[in-house]
Enquirer: 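Sharing a structure with you now.
Whatever order the structure lists them in is the order used to number ligands and atoms, beginning at 1.
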Amino acid sequence: MPDSILSHSSKNRPDATETSGQSAHQPASSSELARLKIRLHQSLRQFPDFPSPGILFEDILPLFNDPTLHQDLIHALELHIKTQSAAGQNPDIIVGLEARGWLFGPSLALRLGAGFVPVRKQGKLPGPIETASYEKEYGQDFFQIQADAIKQGQHVLIVDDIIATGGSAAAAGSLVRRLGGILLGYVFVLELDFLKGREKLNAPVYTLLSSQEDSSAKT
Ligand SMILES: O=P(O)(O)OC[C@H]1O[C@H](OP(=O)(O)OP(=O)(O)O)[C@H](O)[C@@H]1O
Ligand SMILES: Nc1ncnc2[nH]cnc12
């Protein structure tokens, strides 16, 4: 592996499963999840100074390059959501954020028997739309959603690959609520804890893996 590409493979530790305002996992699912998370975390790569100087870019694409890891990822997310929703509400709709939230959002929606709705960057969706502007770790953008994509009172889970500053996720949450959706929460594959993005979100947050705060400090 070139020096400029960093890997999490030496850490070999399960990441903390983090929930806000939700109960703990059942024991069987919990041990299975811990094993899955170690495998998933080891496959992530980091690229310094991409897409701009000072940004340590977390590359989640290797998770999809290997069918076993891909399967593990979907299974781990499904396990979490089903465990949590046993005491609560199944989502009617999974909302995935362009573009990396689309890599696993539709598969997860199928497994859960939910619909899938994409949130897109500006100018890509036809028909009546709602728009929200936001700032993310490395820039500003606009998110859009089709105005009829979510019905009043539908239960919605927002999924994305990474939560950094939380700007993208907060904008998507505001779009869901504008359409009358009930936001059950957010699910991310990876959280950049030091940016405290979850503080911008006013719904329960779950992240499978966490990173960067300890990339040099822990082994
Ligand atoms: O928490 P934030 O600071 O808002 O950053 C997180 C967002 O940034 C990345 O998306 P990006 O806009 O780079 O789009 P992409 O998925 O199309 O690469 C990532 O996939 C998240 O959506
Ligand atoms: N550091 C990062 N790596 C990958 N995607 C990101 N989105 C926002 N910040 C990011």
Enquirer: Taking 4.0 angstrom as the limit, do R111 and E78 come out as a salt bridge?
Expert: yes

Enquirer: Check each atom of ligand 1 against the heavy atoms of T165 and keep those under 4.0 Å away; list them by number with element.
Expert: 1 (O), 2 (P), 3 (O), 4 (O)

Enquirer: Quick one: does G166 get within less than 4.0 Å of ligand 1, heavy atoms only?
Expert: yes

Enquirer: Nearest protein heavy atom to atom 16 (O) of ligand 1, by residue and atom, and its distance?
Expert: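 That would be A99 N, 3.0 Å.
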
Enquirer: Is there a polar contact between ligand 1 and L97, counting only N or O atoms under 3.5 Å apart?
Expert: no

Enquirer: How close does the nearest protein non-hydrogen atom get to atom 19 (C) of ligand 1, and which residue and atom is it?
Expert: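 Result: D161 OD1, 3.3 Å.
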
Enquirer: Any idea which heavy atoms bring F116 and A109 closest together, and the distance?
Expert: CB-CB, 4.1 Å

Enquirer: Compute the minimum heavy-atom distance from F50 to ligand 2 and say whether it is under 4.0 Å.
Expert: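 It does not; every heavy atom stays at 4.0 Å or beyond.
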
Enquirer: Could you tell me whether I55 and ligand 2 have an N or O pair separated by under 3.5 Å?
Expert: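 So ligand 2 has no N or O lying under 3.5 Å from an N or O of I55.
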
Enquirer: Please report the shortest heavy-atom distance between A172 and I158, naming the atom on each side.
Expert: C-CD1, 3.7 Å

Enquirer: Counting distance only, does the side-chain N/O of K136 pair as donor-acceptor with the main-chain N or O of G166 below 3.5 Å?
Expert: no

Enquirer: Minimum heavy-atom separation for P91 and L112, please, with both atom names.
Expert: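 What the structure gives for the nearest pair is CG-CD1, 4.2 Å.
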
Enquirer: Testing the basics here: between L179 and Q146, what is the closest heavy-atom pair and its distance to 0.1 Å?
Expert: CD1-O, 3.5 Å

Enquirer: In terms of hydrophobic clusters joined by side-chain contacts under 4.5 Å, are V189 and L110 together?
Expert: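 Result: no, two separate clusters.
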
Enquirer: At under 4.0 Å between heavy atoms, is it the side chain or the backbone of Q46 that contacts ligand 2, or both, or neither?
Expert: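 Neither; nothing of Q46 gets under 4.0 Å from ligand 2.
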
Enquirer: So which protein heavy atom does atom 14 (O) of ligand 1 come closest to, and at what separation?
Expert: K121 NZ, 3.1 Å

Enquirer: Does a donor on one side chain sit under 3.5 Å from an acceptor on the other, for E191 and S210?
Expert: no

Enquirer: Which protein heavy atom lies closest to atom 7 (C) of ligand 1, and at what distance to 0.1 Å?
Expert: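 The closest heavy atom on the protein side is S168 OG, 3.4 Å.
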
Enquirer: Got the closest protein heavy atom to atom 9 (C) of ligand 1, with its distance?
Expert: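 The closest heavy atom on the protein side is R100 NH2, 3.4 Å.
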
Enquirer: Provide the number and element of each atom of ligand 2 under 4.0 Å from a heavy atom of A164.
Expert: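 Within the 4.0 Å cut-off of A164, ligand 2 contributes 8 (C), 9 (N).
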
Enquirer: Tell me whether the count of non-hydrogen atoms from other residues, nucleotides or ligands lying under 6.0 Å of NZ in K121 goes above 12.
Expert: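 For K121, atom NZ is crowded (more than 12 foreign heavy atoms under 6.0 Å).
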
Enquirer: Could you tell me whether some N/O pair between Y134 and ligand 1 is separated by less than 3.5 angstrom?
Expert: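 By distance alone, the answer is no.
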
Enquirer: Checking a contact table here: which protein heavy atom is nearest atom 22 (O) of ligand 1, and how many Å away?
Expert: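 Of the protein heavy atoms, D160 OD2, 2.5 Å lies nearest.
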
Enquirer: To the nearest 0.1 Å, how far is atom 13 (O) of ligand 1 from its closest protein heavy atom, and which atom is that?
Expert: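 Its nearest protein heavy-atom neighbour is Y138 OH, 2.6 Å.
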
Enquirer: Of all the atoms in ligand 2, which lie at a distance below 4.0 Å from a heavy atom belonging to I162?
Expert: 4 (C), 5 (N)

Enquirer: Where on L56 is there a heavy atom closer than 4.0 Å to ligand 2, on the side chain, on the backbone, on both, or on neither?
Expert: backbone

Enquirer: Looking at atom 12 (O) of ligand 1, what's its closest protein heavy atom, distance included?
Expert: K136 NZ, 2.5 Å

Enquirer: Centre-to-centre under 6.0 Å for F188 and Y206, is that the case here?
Expert: no

Enquirer: Just which atoms of ligand 2 are under 4.0 Å from any heavy atom in E58?
Expert: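 Near E58, the atoms of ligand 2 are 2 (C), 3 (N), 4 (C).
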
Enquirer: Could you tell me which atoms of ligand 2, counted from 1 in the order shown, lie closer than 4.0 angstrom to a heavy atom of L192?
Expert: 1 (N), 2 (C)

Enquirer: Answer yes or no: does an N/O atom from E135 fall short of 3.5 Å to an N/O atom of ligand 1?
Expert: no

Enquirer: Taking all non-hydrogen atoms of both residues, which atom of S168 and which atom of F143 are closest, and how far apart?
Expert: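 Closest pair (atom of S168, atom of F143, distance): O-CE1, 3.4 Å.
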
Enquirer: Counting both backbone and side chain atoms, is some N or O of I163 under 3.5 Å from an N or O of ligand 1?
Expert: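 No; the residue has no nitrogen or oxygen that sits under 3.5 Å from a nitrogen or oxygen of the ligand.
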
Enquirer: Less than 3.5 Å between some nitrogen or oxygen of A164 and one of ligand 1, yes or no?
Expert: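 Among all N and O atoms of A164, at least one is under 3.5 Å from an N or O of ligand 1.
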
Enquirer: Give a yes or no on whether the ring-centroid distance for F57 and F50 is below 6.0 angstrom.
Expert: yes

Enquirer: Check each heavy atom of E98 against ligand 1 and say whether those closer than 4.0 Å belong to the side chain, the backbone, both or neither.
Expert: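 Only the backbone of E98 comes within reach of ligand 1.
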
Enquirer: Which ligand 2 atoms, with their elements, are less than 4.0 angstrom from a heavy-atom of R100?
Expert: 4 (C), 5 (N)

Enquirer: If the cut-off is 4.0 Å to any non-hydrogen atom of E137, which atoms of ligand 2 fall inside it?
Expert: 1 (N), 2 (C), 8 (C), 9 (N), 10 (C)

